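To keep things clear, I will list the structure first and then write my remarks on it.
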Number of protein chains: 2
Amino acid sequence: MVSNFRQQEILELARKEGKVTVDGLAEIYDVTVQTIRRDLSELAETGRLERVHGGAVIPSGVVNIVYNERRRLNEDGKRAIAAACAASIPDGASVFMNIGTTTEAVARELLDHENLLVVTNNLNIANTLAANHSCEIILTGGVLRRADGGLVGGLTAEMVKQFKFDFSVLGCSAIDEDGDLLDFDGQEILVSRSAIQRSRNIMVVADHHKFQRKAPLTICSLADVTVLFTDGALPDKLVGDCQKWGTDIVNV
Amino acid sequence: MVSNFRQQEILELARKEGKVTVDGLAEIYDVTVQTIRRDLSELAETGRLERVHGGAVIPSGVVNIVYNERRRLNEDGKRAIAAACAASIPDGASVFMNIGTTTEAVARELLDHENLLVVTNNLNIANTLAANHSCEIILTGGVLRRADGGLVGGLTAEMVKQFKFDFSVLGCSAIDEDGDLLDFDGQEILVSRSAIQRSRNIMVVADHHKFQRKAPLTICSLADVTVLFTDGALPDKLVGDCQKWGTDIVNV
DNA sequence: GAACGAATGTTCGTATTTGTTCGTTTTTGA
DNA sequence: TCAAAAACGAACAAATACGAACATTCGTTC
């Protein structure tokens, strides 16, 4: 589904060479760089190429473009949240981590921890933490979802139930004003709930955007959570509720 | 997600050479060392490289050095075997693939196939085939073994039993003169056997070195196999046996 | 042949990347 | 252990690439 003959050829060229340049293509086809940019933008939008400064390369890896963009959203905030969360996980702990860009940030901050046991349904986290040699990594089985590197399917929740964790590090799609953790994905909710059941400490990582979003399904309430790590002010009412519930809030 | 051409190539170079130097790269790309430092910093930040004074090395990641060397052993032979094997797998097939450098080579040859369903306990295969967008990938759960990117543990075999495959693509540690497929790892044997039970066609990929090696545990006999793909002459006796058993031999 | 739409070219303000400089940190070798 | 050399990263300026908006060209349709 390319909108012109150039795009088809650009794709072939990129596959053969591994990359294409804006200037090079402009010369080949004798058009302006702007036209080539339009072609590359379209190809990148549909995920066929990955745009880089000066040209484009073949897309690599598990995860699609949208997710990568989401990963960049409030990157610094997520890193700060992740650092705080990682700091409160001691060496030797057993940890569950679910799907999400913020939990992935936590994984990166855990690279220097020692003797962790990490169970996850997130392929990206497994790939990241593989660099930490003292960390035992257990992947749940499931269908690989390219959208976010998640492993989904009925068996995942069952597998999680076999463990007992010191910590669950959970991300979610949204948190509403009542303090309910929300998500879009029904199966992922089952996984998160199983993890909550089997964990001594529930850590939720959520940047301030999550308080402005909505999602249809409830994972649990902040009342069930041990600590919430975030990077923005919560509504006053929620702060009060958390105090009542005994839910700690760490605001980085 | 790389932000420029260099980074992509730096990664490839690092994977090939095991390391890259700041000065060397600056010379190759005819840019200042500062620019290279920025590239390496970015790659290190996302965990793709590990920064060292004067350059960078590949992170001690999913797969250890020994395995990488094994992967290079008879690389061309394995690719030829893999190409033949992939050629006899039709689009739309359901396939199981186990741990092993040769099965990984098959995965690379399957990148252009369409609508495959691939079940595997090999993280490397999942990462490779993720680039094939029309391929559904199912990972078995299990403990990540860094030695070879395998997912091992009691649950893997159970999970495999839930499927029915058109093809199993199996590697093994050795094949002895009686035609028995051998392996070092007890759990992996259980996985392979489960796959064999549940597959309409068993394809074994094994380069000629496998006929000179020994391993303690038996997976099954070549009599149970549909096709053997290899790149060297088999002992005459074994050729005769295979004819008797109805096991095809494809010698590339 | 006039009206239209798609593709491309042109212009311009913005964003990103790169080179340069300089003070600090790490490595090396005595 | 100490000093020189090398490598490093931060900060700033220059060069380059970028995308949006608008103009132009060319083929179609009425």
Side-chain angles (χ1 to χ4, degrees), chain A residues 1-14 17-60 64-80 83 105 108-109 111-112 131, chain B residues 1-14 17-60:
Chain A
M1 215 139 19
V2 288
S3 63
N4 65 41
F5 68 93
R6 268 198 319 277
Q7 295 189 8
Q8 185 63 45
E9 291 184 22
I10 288 172
L11 272 179
E12 281 167 32
L13 195 62
E17 306 285 332
K19 64 171 189 185
V20 287
T21 65
V22 172
D23 288 343
L25 290 170
E27 196 165 336
I28 290 174
Y29 293 106
D30 196 24
V31 293
T32 59
V33 290
Q34 193 55 244
T35 303
I36 296 297
R37 287 204 188 103
R38 276 188 277 250
D39 285 336
L40 296 186
S41 299
E42 281 182 45
L43 290 169
E45 215 159 286
T46 53
R48 268 131 27 137
L49 285 181
E50 194 173 297
R51 194 76 163 81
V52 299
H53 210 81
V57 296
I58 320 197
S60 63
N64 74 8
I65 313 295
V66 179
Y67 192 71
N68 266 323
E69 277 168 15
R70 194 139 64 80
R71 197 176 274 165
R72 291 205 174 162
L73 199 72
N74 191 20
E75 204 173 0
D76 293 338
K78 283 175 182 164
R79 184 159 45 228
R108 284 192 288 276
E109 299 295 328
L111 282 171
D112 288 329
Chain B
M1 192 63 131
V2 290
S3 60
N4 64 42
F5 298 125
R6 277 193 314 275
Q7 295 186 10
Q8 175 109 338
E9 293 183 20
I10 287 171
L11 274 178
E12 281 167 32
L13 196 62
E17 306 286 332
K19 62 167 191 187
V20 287
T21 64
V22 173
D23 287 342
L25 291 170
E27 195 165 338
I28 290 175
Y29 292 106
D30 195 24
V31 292
T32 59
V33 288
Q34 188 58 21
T35 303
I36 297 297
R37 287 204 189 101
R38 275 188 279 247
D39 285 335
L40 297 186
S41 301
E42 279 184 48
L43 291 169
E45 206 162 309
T46 51
R48 260 99 73 95
L49 284 181
E50 201 169 294
R51 195 75 163 81
V52 297
H53 209 80
V57 296
I58 40 175
S60 38

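We name chains A, B, ... by the order of the sequence lines, and we start the count at 1 in each one. These numbers were taken from a predicted model, which means no experiment stands behind them.
Side-chain contact check for A/D39 versus A/V31: every heavy-atom pair is 4.5 Å or farther apart. Residues B/R51 and B/V22 are in side-chain contact: their nearest non-hydrogen atoms beyond the backbone lie under 4.5 Å apart. Put simply, the side chain of A/I36 does not reach to within 4.5 Å of the side chain of A/V20, judged on heavy atoms. At least one side-chain heavy atom of A/I10 sits less than 4.5 Å from a side-chain heavy atom of A/L49.
When the side-chain nitrogen and oxygen atoms of A/T32 are compared with OP1 and OP2 of C/dG9, one or more of them lie within a distance under 4.0 Å. At least one side-chain nitrogen or oxygen of A/R6 sits closer than 4.0 Å to the OP1 or OP2 atom of C/dT8.
One atom, CG of B/D39, and another, C1' of D/dG9, lie 15 Å apart when rounded to the nearest Å. What separates CD of B/E27 from P of D/dA7 is a distance of 13 Å, to the nearest Å.
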Collect all protein-nucleotide pairs involving nucleotides 23-27 of chain D in which both atoms are nitrogen or oxygen and the distance is under 3.5 Å.
none

Pull out every protein N or O sitting under 3.5 Å from an N or O of nucleotides 17-21 of chain D, one pair per line with the distance.
residue	atom	partner	partner atom	Å
D/dA17	O4'	A/H53	NE2	3.2
D/dA17	O3'	A/G54	N	3.3
D/dC18	OP1	A/R51	NH1	3.0
D/dC18	OP1	A/R51	NH2	3.4
D/dC18	OP1	A/G54	N	2.7
D/dC18	OP2	A/R37	NE	2.9
D/dC18	OP2	A/R37	NH2	3.3
D/dC18	O5'	A/R37	NE	3.3
D/dG19	N7	A/Q34	NE2	3.0
D/dA20	N6	A/Q34	NE2	3.2

Derivation and outcome, side-chain contact (heavy atoms from CB on, under 4.5 Å), residues B/R48 and B/E42: CA-CA 9 Å; B/R48 260 99 73 95; B/E42 279 184 48; over 6 Å; no
Using the rule given for side-chain contact (heavy atoms from CB on, under 4.5 Å), can you reason through A/R38 versus A/T35, listing the C-alpha separation, both sets of side-chain angles and the distance that settles it, and then say yes or no? CA-CA 5 Å; A/R38 276 188 277 250; A/T35 303; 4.1 Å; yes
Evaluate A/V52 against A/K19 for side-chain contact (heavy atoms from CB on, under 4.5 Å), listing each step before the verdict. CA-CA 10 Å; A/V52 299; A/K19 64 171 189 185; over 6 Å; no
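Put simply, CD on B/E9 and CG on B/N4 are 9.5 Å apart, with the number rounded to the nearest 0.5 Å.
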